[in-house]
Amino acid sequence: MTLRAVKGMNDILPDEIGRWHALETVLRRTFELAGYREIRTPVLEPTELFVRSIGEATEIVEKQMFILKREEESLALRPEGTAGVARAYVASALHNREPVSRLYYLGPMFRAERPQRGRYRQFWQAGVEIYGDPGPGCDAELIDMLVRMLTGLGLQNLRVLVNSLGGADTRARYRDALAAYLRPKAAELSEHARRRLEDNPLRILDSKNPQDQAAVAGAPSILELLTPEDRAHFDGVTRGLTALGTPFEVSPGLVRGLDYYTRTLFEIQTSGAEIGSQNALLGGGRYDAMVKELGGPDVPAIGFALGLERVLLALPAVAPAREARCFVAPLGERAQVEALLVVRELREAGIPAEADTRGGSLKSLLRRADGTGSRLCVVLGDDEIERGAVTLKDLVARAQVEVPRAELVLRAREALASAPPAGSSDA
Ligand code: AMP
């Protein structure tokens with residue numbers, strides 16, 4: 001019987017990896033240009049960490065964690081990155097070393113959700129966390145960086161939703177107001193929402209159930225209940241975004257699925273057939289209380305997480321470009337040995353190269369060269385060896401030249417650096 005991958009967990013095959021690498025490069029470059037440094041935390045954490053930070057009465061903690069029991073310990077595969085980074089921030093006392101920490105991460109996350117297009121059980125997230133800066137300018141700068149990054153990647157039809165959940169005070173008053181509004185409508189709510197009504201009414205705003213959505217349609221807006229300090233903070237964020245020319249919509253119904261958010265909350269969505277119903281590319285917000293909750297000092301924080309699969313689904317698929325690599329095709333017995341020397345020399349000069357060691361006709365070797373996606377083929381025949389020469393074939397331009405063996409590295413480098421001819425599949 002053939003074994004399959006775990007449901008909702010995907011292999012990323014070499015054919016697709018080029019798109020992943022390209023996206024990861026853009027992410028890292030964007031974050032590093034803005035002063036974020038990478039942090040890598042374990043994939044496995046104490047279950048308690050997520051219960052305390054994400055919140056007990058959330059979908060993630062109630063239903064979606066992959067939990068491992070080992071001896072007395074309960075461990076969970078991380079469903080998101082923020083809690084682990086906050087734990088590491090507290091454990092390493094980074095706050096003692098720098099007033100503001102700007103960190104980023106990239107890695108797989110795990111949630112036992114019902115798999116569908118754009119929603120998986122193992123998926124990749126990249127995100128940043130800023131510790132130590134409570135100001136609204138920090139929030140506006142982060143959102144602006146993300147919009148510019150997504151636009152630069154070629155994504156269109158972006159919707160930037162922002163909201164404020166206020167601090168603990170506002171949240172508590174809103175919780176009561178929302179519960180008071182929904183209680184008389186309890187009969188119209190789904191069974192799940194009825195339970196949430198008492199333990200976590202804000203989550204009902206997130207419900208995908210049409211009955212629940214109808215019931216919350218006229219609910220009071222959290223923005224009306226903000227304290228003057230929360231209001232001033234939110235106004236600072238929207239003023240910053242306006243000054244930066246970043247388009248956004250205020251969306252009072254936006255709550256997102258994690259309980260740790262305070263004040264600013266945002267989500268960036270895109271539309272289009274490719275992405276389907278899972279249209280949120282990234283989401284984030286402030287979580288000013290988490291560091292303290294995890295035993296650290298009272299340090300404010302903000303962050304976001306982007307789903308790499310979602311972004312790749314939303315980006316137009318482009319034909320894979322020929323790579324700047326050489327395929328070395330030996331014809332004859334002497335050439336077989338020479339080919340090994342040639343690839344070694346090319347690699348030592350920093351040029352990716354592989355040699356055919358299976359043998360065959362020129363036609364079959366050229367077919368193999370094409371199959372590897374290499375831009376250049378170095379053809380080595382016994383008579384060329386005799387003359388101290390090799391033939392360089394540009395597989396995109398479909399042109400070839402014979403060059404002295406001693407100039408191989410130089411000429412190969414030049415050919416690989418040259419632009420592919422207009423009209424070729426790579427132009
Ligand atoms: P969250 O951690 O729930 O705030 O989600 C942040 C982003 O991660 C979303 O906007 C998605 O792009 C991505 N994401 C969340 N859950 C999944 C999932 N199950 N599969 C794929 N991507 C996801």
Side-chain angles (χ1 to χ4, degrees), residues 5-12 16 19-20 23-24 26-27 41 43 45 49-50 53-55 58-66 76-86 104-129 142-143 146-147 149-150 153 155 157-163 165 202-203 205-208 251 254-262 264-272 274-287 290 301-315:
V6 176
K7 188 172 144 201
M9 302 197 179
N10 301 310
D11 300 312
I12 304 168
E16 309 154 52
R19 299 184 78 215
W20 283 79
L23 175 57
E24 288 163 14
V26 171
L27 290 163
T41 61
V43 167
E45 296 274 4
L49 171 66
F50 302 113
S53 55
I54 298 173
T58 56
E59 299 297 291
I60 294 182
V61 168
E62 273 188 353
K63 297 196 220 143
Q64 298 177 346
M65 288 207 289
F66 286 98
L77 284 170
R78 61 181 183 193
E80 54 96 68
T82 298
V85 174
Y104 82 85
Y105 61 85
L106 198 162
M109 308 294 161
F110 305 83
R111 292 183 200 171
E113 303 197 73
R114 195 168 54 81
Q116 52 185 294
R117 190 176 175 78
R119 185 167 289 282
Y120 310 103
R121 292 187 155 189
Q122 173 171 334
F123 56 97
W124 287 72
Q125 280 189 338
V128 311
E129 316 290 353
L142 175 59
I143 297 170
L146 297 172
V147 174
M149 179 181 77
L150 294 175
L153 277 166
L155 288 165
N157 307 323
L158 298 179
R159 279 185 78 195
V160 183
L161 307 180
V162 297
N163 191 22
L165 294 182
L202 260 71
R203 293 272 75 84
L205 298 177
D206 254 352
S207 171
K208 298 278 180 290
S251 174
L254 181 70
V255 283
R256 314 206 72 253
L258 307 114
D259 270 356
Y260 51 60
Y261 289 121
T262 51
T264 314
L265 194 63
F266 59 91
E267 184 166 291
I268 303 186
Q269 306 176 343
T270 186
S271 51
E274 284 308 310
I275 186 104
S277 58
Q278 304 303 317
N279 63 355
L281 297 174
L282 63 85
R286 275 201 169 272
Y287 49 98
M290 192 194 291
I302 182 169
F304 88 94
L306 161 149
L308 274 78
E309 285 88 350
R310 296 255 177 108
V311 171
L312 290 171
L313 276 177
L315 281 174

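All heavy atoms count here, side chains included; hydrogens, waters and symmetry mates do not. Both ligands and their constituent atoms are indexed starting at 1 by order of listing. Note that the structure is predicted; figures quoted are calculated from it, not measured.
- Looking at residues two or more places apart in sequence or on another chain, you find a side-chain hydrogen bond (donor to acceptor under 3.5 Å, both in side chains) between Arg119 and Glu113, Gln278.
- With sequence neighbours excluded, the residues that form a side chain to side chain contact (heavy atoms under 4.5 Å, CB included) with Glu80 are Phe50, Ile54, Thr82, Ala83, Arg111, Gln125, Leu258, Tyr260.
- Side-chain contact between Leu150 and Thr270 is absent, with no heavy atoms from C-beta onward closer than 4.5 Å.
- Taking the side-chain hydrogen bond (donor to acceptor under 3.5 Å, both in side chains) definition, one finds that Tyr287 meets it with Glu129, sequence neighbours left out.
- Remark: Ile143 CD1 to Phe266 CZ distance equals 5.0 Å, nearest 0.5 Å.
- Closer than 4.0 angstrom to ligand 1 lie heavy atoms from Arg111, Glu113, Gly118, Arg119, Tyr120, Phe123, Gln125, Arg256, Leu258, Ala280, Leu281, Leu282, Ala305, Gly307, Arg310.
- Judged purely by atom type and a 3.5 angstrom limit, Arg121 has no side-chain atom pairing as donor or acceptor with the backbone of Pro115.
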